[in-house]
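Accompanying notes for the structure given below.
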Amino acid sequence: MYEHRKTLEGVYQPHKVVEHRKVAAVLSVLLMGLGQLYNRQYGKGIMLLIFSSLGIYTAVTRLPHAVWGIVTLGEKERHLEKVGKIYKQVMGDHSIFLLVEGLITIFLLIVFAWIYFLNIKDAYRTGKIREEGGATSTFVQSLKYVAEYRFPQIAISIPMLGILFFTIMPIIFMILLAFTNYTINNQPPAHLIDWQGFKTFKDIFVIKSWSHTLYSVALWTFVWALLTTLTSFIGGFAVALVVQRKEVRLKSFWRTLFILPYAIPAFVSTLILKNIFNGQFGPINQYLKMLGLPVVPWLSDPTMAKITLVIVNFWLSFPVMMLMIIGILSTIPSDMYEAADIDGASGFQKLRLITYPAVMFSMAPLLVMQFVGNINNFNLIFLLTGGKPGSSDFRFAGHTDILITWIYKLTIDQGQYNFASVIGIFIFIILSFFAVWSIRNTKAFKEEEVK
Amino acid sequence: MDGVKPKKIVSITSVYTFLIIVGIISIYPAIWVILSSLRLGGSLFSETLVPRQVTFIHYKELFAKYDFGLWYLNSLKISVISTIFMTILILLTGYIFSTFRFGGRKTLMSTLLVLGLFPSFMSMIAVYILLNMMNLLDTHLAVIIVYVAGSPVFFLFAKSYFDTIPKGLVEAARIDGANHLGVFFRIVAPLSTPMVVYMALLSFTGTFTDFIFARLVLSSTETKTLAVGLYDMITTNFSNDFTVFAAGCVLIAIPITLLFIIMQRFLVDGLTAGGEKG
């Protein structure tokens, strides 16, 4: 890494070396920017001073309230108060707002603390340069230095701030909700919310109706993810093999034709398919009737609804698989097949020993991602069945609900926020497991060890 | 010879039969919805696939009875603005992770990947409260901010693609005095057209057709997007307006489908380039 250091070799230094780095660092700890001023970097120092006074002002004014808010979640309920002779309704504390505000304050302070830490490091380093007799950089030079050598950090911090505030913080908020008693019956501003520890976690396993629903829905979620991933992979593979056969003419025409399900916006085609599979008026049942066959309860029978979901998902997702596999097929060198032909290999042997391993080599991590994606395939289930048909022994879930659509119902429709959060945490743990696995097996990560 | 020929004919016929069947399955829903939109009446039920009488009245009704034109403009506005920023952000994130080595880089990448697997709406309530505090509810800006802020988690495809670009090119440009952003916008991005197009396409269709989040934030008719409008149309007036809904589907699907088919080359490149490196 580039270092701002100039050694003055052979230059005679008669003076006692002042320990600039320590003085600068200590000053910077005291107040951000002081160290820089001491190092005679006035532009940078003044900028940091202004920034730090803003930060400290915010911290002093907001932090106690934020901590109080998070710890107590509010102390005063909405209540009646005697003002003069009449009772008036007085707004109490809004637990949820307190929680979010507290989180924001803490996140801002973490960002601020990070900058503070960098400021101390910077003062220390500049001090060291001075001790060694090097020239410290001017404000303009510093700016140039940052643009040159700190570009990745600066540039990455912009997307990261967005992620921090609109992804990470909301997730933490959701996780925190799991430890509260926030439900539709206990909602601010009318009521205060309280921390209640692991009670919801316990309830979900102990209360029979909850645990029964959890196990059934989780089981179906896994079956669903497995079936959808396998069917779309096998289907896409088969179609790709046929399209890429030598004797097939107009390959690009067929490809374009088969991409159509992928090209139509998924939410539009799902709504269309919902109508196509409509039990009463849908065209498929009309055709069956015309042929004198019995109609099929595509979406109204629990088992049939699940099968229909898998079929529709297959229809939506085989084109992407096909495209990817065609891409991989085109990278397999043809002399491998020629050699196999000379050895007298059958078509099936070639498929098993050459094509399949080549495809799997590239596809395996993607299939895991696909599997994870299907665990969370909210749109399809929400739009096609909405979790229906309903079940009387499930808590707020239907037969086709997967965990993620169940969470949606629990939050948006039922207001069981704490239960939804607990299930969300379960999903998060499962997902992280797969994510770590796939990251370990992703070439994009592995390649770096080599470099 | 005699034994070979019939075998070959059988195999060719079976291959083409297979292709035709898959083709019919692929296009049937599209054909059905187009024909439905041209049918008289409003119900889902029809005795024939091809309508006896063709009418364009449902397309007119879309604009007369509903605010379809306005929804369309809203969706376009949100998607175009989001797409520009999302594409830049995703590509920039991918480029930085691909080109530079800095402390905490791997941790950041893993974190982003895990976050990318996390369904965004699970934290929607918090985002909703956040937007409420910022006084942004029921505005397009809110939707755009949330789309754009969440987009860097999709950096991996872009990164894998940039990994394949020779580093020498970047270094040469640096020696010639270009700064980092200059290298990115003038050298790397133009070289990565398939990736740029792929990312833009995904961002555009993603935002154009998202409805869960849009539905949560956009409540009034003036701010509604196409997806929200169409979804509400079919869930509230379903019984008598199916054909109008079908017409709406056609008007949404046509531009996006065309876009996909025209961009197919880039799509295959982007998918396989990212896929192989996956």
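Lettering of chains follows the sequences in order, A, B, ..., and the numbering in each one begins at 1.
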Over all heavy atoms of both residues, which pair between A:Ala263 and B:Thr257 is shortest? Give the atoms and the distance, please. CB-CG2, 3.8 Å
For a 4.5 angstrom cut-off between non-hydrogen side-chain atoms, does A:Ile264 reach B:Ile252? no
Identify the heavy atoms of B:Gly150 and A:Thr167 that sit nearest to each other, and give their distance. CA-OG1, 4.3 Å
Pick one of side chain, backbone, both or neither for B:Phe208, based on which atoms fall under 4.5 Å of a heavy atom in chain A. neither
Value for CZ (A:Phe267) from OH (B:Tyr231), rounded to nearest 0.5 Å, stands at 10.0 Å
Region of A:Phe173 in contact with chain B, defined by heavy-atom distances below 4.5 Å: side chain
Contact class of A:Leu99 relative to chain B, heavy atoms under 4.5 angstrom: neither
About how many Å separate CG of A:Asn275 and CH2 of B:Trp32, when rounded to the nearest 0.5 Å? 5.0 Å
Specify the closest pair of heavy atoms between B:Ser26 and A:Phe318, including all atoms of both residues, with the distance to one decimal. OG-CZ, 3.8 Å
At a 4.5 Å cut-off on heavy atoms, which part of A:Ile171 comes close to chain B: side chain, backbone, both, or neither? both
Interface moiety of A:Phe258 toward chain B, non-hydrogen atoms closer than 4.5 Å: both
For A:Ile175, is it the side chain, the backbone, both or neither that has a heavy atom under 4.5 Å from a heavy atom of chain B? neither
Tell me the closest heavy-atom pair linking B:Ile212 and A:Tyr408, and the distance in Å. CG2-CE1, 4.1 Å
So, taking the atom named CZ in A:Phe428 and the one named CG in B:Leu115, what distance separates them when rounded to the nearest 0.5 Å? 6.0 Å
Close side-chain approach of B:Cys249 to A:Ile272, heavy-atom, < 4.5 Å: yes
If we define contacts as heavy-atom pairs under 4.5 Å, which of A:Tyr287, A:Trp254, A:Phe166 has the most with chain B? A:Trp254
Looking only at atom types and distance, does a side-chain atom of A:Trp315 sit under 3.5 Å from a main-chain N or O of B:Ile25, one as donor and one as acceptor? yes
Is there a side-chain contact between A:Glu247 and B:Tyr16 (heavy atoms, below 4.5 Å)? no
Is A:Ser269 in contact with chain B via its backbone, its side chain, both, or neither, using a 4.5 Å heavy-atom distance? neither
Relative to chain B, which segment of A:Phe97 carries a heavy atom at a distance below 4.5 Å: side chain, backbone, both, or neither? both
Exercise: identify the closest heavy-atom pair between A:Pro170 and B:Val127: CG-CG2, 3.7 Å
So do A:Met160 and B:Leu112 actually touch side chain to side chain, heavy atoms under 4.5 Å? yes
Positive for ring pair (Phe, Tyr, Trp, His ring centres under 6.0 Å) with A:Phe151, one of B:Phe184, B:Phe100, B:Phe102: B:Phe100
CA sep, side-chain torsions, deciding dist, call: B:Arg105, A:Ile156, side-chain contact (heavy atoms from CB on, under 4.5 Å): CA-CA 10 Å; B:Arg105 168 175 166 276; A:Ile156 207 74; over 6 Å; no
What is the ring orientation for B:Phe211 with A:Phe382, classed by angle as parallel under 30°, tilted 30 to 60°, or perpendicular over 60°? tilted
Which portion of A:Val372 sits near chain B, non-hydrogen atoms under 4.5 angstrom: side chain
Return the option, out of A:Thr256, A:Ile412, A:Val243, with the maximum number of heavy-atom pairs under 4.5 Å with chain B. A:Thr256
Closest heavy-atom pair and its distance - A:Val248, B:Val15: CG2-CG1, 3.5 Å
Greatest number of heavy atom pairs closer than 4.5 Å to chain B - which of A:Pro283, A:Ser432, A:Ala266, A:Pro319: A:Pro283
Using non-hydrogen atoms and a 4.5 Å limit, figure out which bit of A:Ile172 sits close to chain B: side chain, backbone, both or neither. neither
